[in-house]
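Here the structure is a predicted model, which means the values were calculated and not measured. Naming convention: chains lettered A, B, ... in sequence-line order (proteins, then strands); numbering from 1 in each chain.
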Amino acid sequence: MTLQFWKPGTVGPGSNLDRATEIEGNVVASAPLSSQIGRQAQREGLPIFKHRNELLYCIERYGVLIVVGQTGCGKTTQIPQYLYESGWASSGSVIACTQPRRVAATSVATRVAAEVGCTLGDEVGYTIRFEDVSSKERTRIRYMTDGMLFRETMIDPLLSKYSVIMIDEAHERSIYTDLLLGILKKIRRKRPSLRLIVSSATLDAVSFQNYFNSNAASPDESVIVSLEGRTFPVELAYLSEPTPDYVAKAVEVVWGINNHGGPGDILVFLTGREEIERCLEMLADLLPRAPRGSPVLVPLPLHAGLSTEAQLRVFETAEPRHRKVIISTNIAEASVTINGIKYVVDSGFVKMRTFNPTTLLSTLTATPVSIASATQRAGRAGRTSSGICYRLYTQSSLKTLAPTTPPEITRTDLTTPILQLKVLGIDDLMKFDWVTGPPAESVLRALESLLSTGMIGQDGRLTPVGEKVAEFPIEVGIARMLFTSKDYKCGEEILTIAAMTAVQDVFVIGDGAQGALAELERRKFTAEEGDHLTLLNAYNAFTRYGKSSSWCKSHALSFRAMSRAVSIRAQLKKYMARFNLPMESCQGDAKRLRKCLVSGYVRNCARWMAEGTYRSVRGNMLLHVHPTSVMFTRKPRSGWVIFHEMEETKKTHIRIITEIEPDWLLEYGHKYLDRRTGQEMSTT
DNA sequence: GAGCACTGC
């Protein structure tokens, strides 16, 4: 790891990547930056010996260190060790390093434990949901998910056991990263001895610095440090003309590489399963026409919906004279790293979910990637040697791309996060020091929803039940449902339903005949009342038959999803015990169960219109039943349903649906405040 | 009669 002062425009080595990133460089270069550290150290008469010491000097001198470095520069593994060796973890304090993903936290911890020469969980450990491999007494370097550290602030608001907190991959701007940064800035005002390291991509470094320096009392709170890593140059190629069909174009490019390019595997970025399958079909059609002497092309799909074993196939080394071509979603951009990739083919699109606070509708649409994303994708070709990235768009369209992807906090339902901030005593949300402020409408709607469900009072303060609900590691509505299960005496079943709705892709659907077979299997669990009870049946069958993976396979269930549901259920059960919520069974009384469901889904009710379409009670939107629902083929006798979620893709779909009686809605007495008139609106 | 990018507590 080499420490360098930050220079605008030096994102990565290699001629072409440099040229391409000049656009990125210019964005950053508009901010005045120089080698501040060097000057500061000189002024204070401090000698700079080594890179490592420079870094340690910076953490001593500045409260917040913004570290810019490419993947592979060792920042995640080395910086915590430097701090540890130089005494930052003495007298019982801990160095934390957060990751946005669980796998990253575990794999990095494993590696660092080996480097330090200790058993994982001793001096070096990790903490993720359901897995705490760390010791309260012995662990000095602790890798964890950002969500876990956020949760810890609810128990220890000053995070007093930590001396240094490193927020890694901060440029990804996960919602927990953003919430944490806001809280950590606040904590540092009360506890200036706490040091912060924010690891970021070049593009975002200045905005992070501005964020931390915006405090008038300490205008030079932070400093940017750049680390040089070992990556290889990636040559960029663009289309001269835009393409109307990037899937077909990707096939063409892959075919061209295979027949004329040197050795090395290919990674193609498309947006979703449907495109991936179309691409695989087109490649399969071409395979018999391969010219003699060219490598045998081995196309492999990669997306989150695949089983674990299908996902693992992309890591297998291709046989001699074979060439892997991995057709992937965005999962390969940051979550999954495959070695040996020499060529990247980038469609330039990604599916992004955006929440509309006015309609409460999430939209999932293919949108152009940001420059940051495009750079990250290209970098996937240069991890082990130099590579080439074929971008399926024109070079001139680069300037129409956004520099970075909008942070998750601007695109998501804030009901649960805002409830959690309230637990931390952050009541005035408009005044909270956000890294990026969420849309005002999102905040208002979240508050409105918290008010209407009794989580906060008219004064905006938490109610006693709100305080408890906030602690549950699950959405507000579902947590609330767990509380009302006491009244309906159905804690046992509601808990299972809560866990099952929290995992996705429970039923494995293949294509063609396999899919039809899976459909038949799924019908075995089907409950008359709808999907929630169907999920309950599936879970109960899973436990009855010994929670086995082979049983799942023969019943078209995802073993991964089911096991996760078991963990979530066990965790939620502990919270239920803590709040004295009884684990009673409804003894097959589905009516009680459904009434309880209504309490959690007051925002999500709809009325039957015609042929698989509904109108939402709120907003009168046209809704289509998702084909995976057991309600897809059936009309609710009462004409009314509640649903777990709605999402707009080509149509607006509702998923996980249960039939209810309309008077249950009234019985529950939920009312919404009309924001314009201040009048209470009935739900009917 | 037709479909869901990716994470996290």
Minimum-distance nucleotide to Arg353(A) side chain [options: dC6(B), dG8(B), dT7(B)]: dC6(B)

Spacing of Arg101(A) atom CZ relative to dT7(B) atom P, expressed in whole Å: 8 Å

Sugar-phosphate, base or nothing in reach of Ile331(A), heavy atoms under 4.0 Å: sugar-phosphate

First encountered from the 5' end of DNA chain B, between Met148(A) and Pro627(A): Pro627(A)

Between NZ on residue Lys468(A) and CZ on residue Arg578(A), distance to nearest 0.5 Å: 10.5 Å

side-chain N/O His626(A) vs dC4(B) OP1/OP2, d < 4.0 Å: yes

Out of dT7(B), dC9(B), dC4(B), whichever nucleotide has its closest atom nearest the side chain of Glu647(A): dC4(B)

Distance in angstrom units between Arg102(A) CZ and dC9(B) C1', rounded: 10 Å

Which residue lies more 5' along DNA chain B, comparing Leu302(A) with Thr416(A) via nearest heavy atoms: Leu302(A)

Leu419(A) CG to dC9(B) P, straight-line distance once rounded to whole Å: 18 Å

Any His653(A) side-chain nitrogen or oxygen under 4.0 Å from OP1 or OP2 of dC4(B): yes

Whole angstrom value for the distance that separates P of dC4(B) from CZ of Phe632(A): 11 Å

Arg129(A) atom CZ, neighbour heavy-atom count above 12 within 6.0 Å: yes

Structure string for DNA chain B in dot-bracket form, Watson-Crick and G-U at under 3.5 Å, | interchain: .........

Atom-to-atom span, CZ of Arg564(A) to P of dG8(B) - whole angstrom: 7 Å

Whole-Å gap separating C1' (dA2(B)) and CD (Glu274(A)): 10 Å

Donor-acceptor pair, side chain of Thr501(A) and main chain of Ala498(A), under 3.5 angstrom: yes

Sugar-phosphate only, base, or nothing, as touched by Asp146(A) at under 4.0 Å among non-hydrogen atoms: nothing

Audit row: Thr405(A), Ser373(A), side-chain contact (heavy atoms from CB on, under 4.5 Å) steps and yes/no: CA-CA 8 Å; Thr405(A) 308; Ser373(A) 257; 4.0 Å; yes

Test side-chain contact (heavy atoms from CB on, under 4.5 Å) applied to His626(A) and Glu647(A), step by step: CA-CA 10 Å; His626(A) 196 276; Glu647(A) 187 175 65; over 6 Å; no

Sugar-phosphate, base or nothing in reach of Gln504(A), heavy atoms under 4.0 Å: base

Quiz item: Thr329(A) side-chain donor-acceptor pair to dC6(B) base, under 3.5 Å: no

Nucleotide nearest Tyr176(A) (side chain, heavy atoms from C-beta), chosen from dG8(B), dC4(B), dG1(B): dG8(B)

Phosphate-side-chain proximity, Thr628(A) and dC4(B), N/O vs OP1/OP2 below 4.0 Å: no

Atom CZ of Arg313(A): over 12 foreign heavy atoms under 6.0 Å: no

Leu270(A) CG to dC6(B) P, straight-line distance once rounded to whole Å: 13 Å

Value in whole Å for how far the C1' atom of dA2(B) lies from NZ of Lys650(A): 10 Å

Minimum-distance nucleotide to Ser335(A) side chain [options: dC4(B), dC6(B), dC9(B)]: dC6(B)

Nearest listed nucleotide, side chain of Lys651(A), among dC9(B), dG1(B), dA2(B): dA2(B)

Worked check of side-chain contact (heavy atoms from CB on, under 4.5 Å) between Val476(A) and Arg603(A): CA-CA 11 Å; Val476(A) 170; Arg603(A) 290 210 299 195; over 6 Å; no

N or O in side chain of Thr649(A) less than 4.0 angstrom from dC4(B) OP1/OP2: yes

Sequence-distant partners of Glu467(A), salt bridge (charged side-chain N to carboxylate O under 4.0 Å, His left out), two or more places apart: none

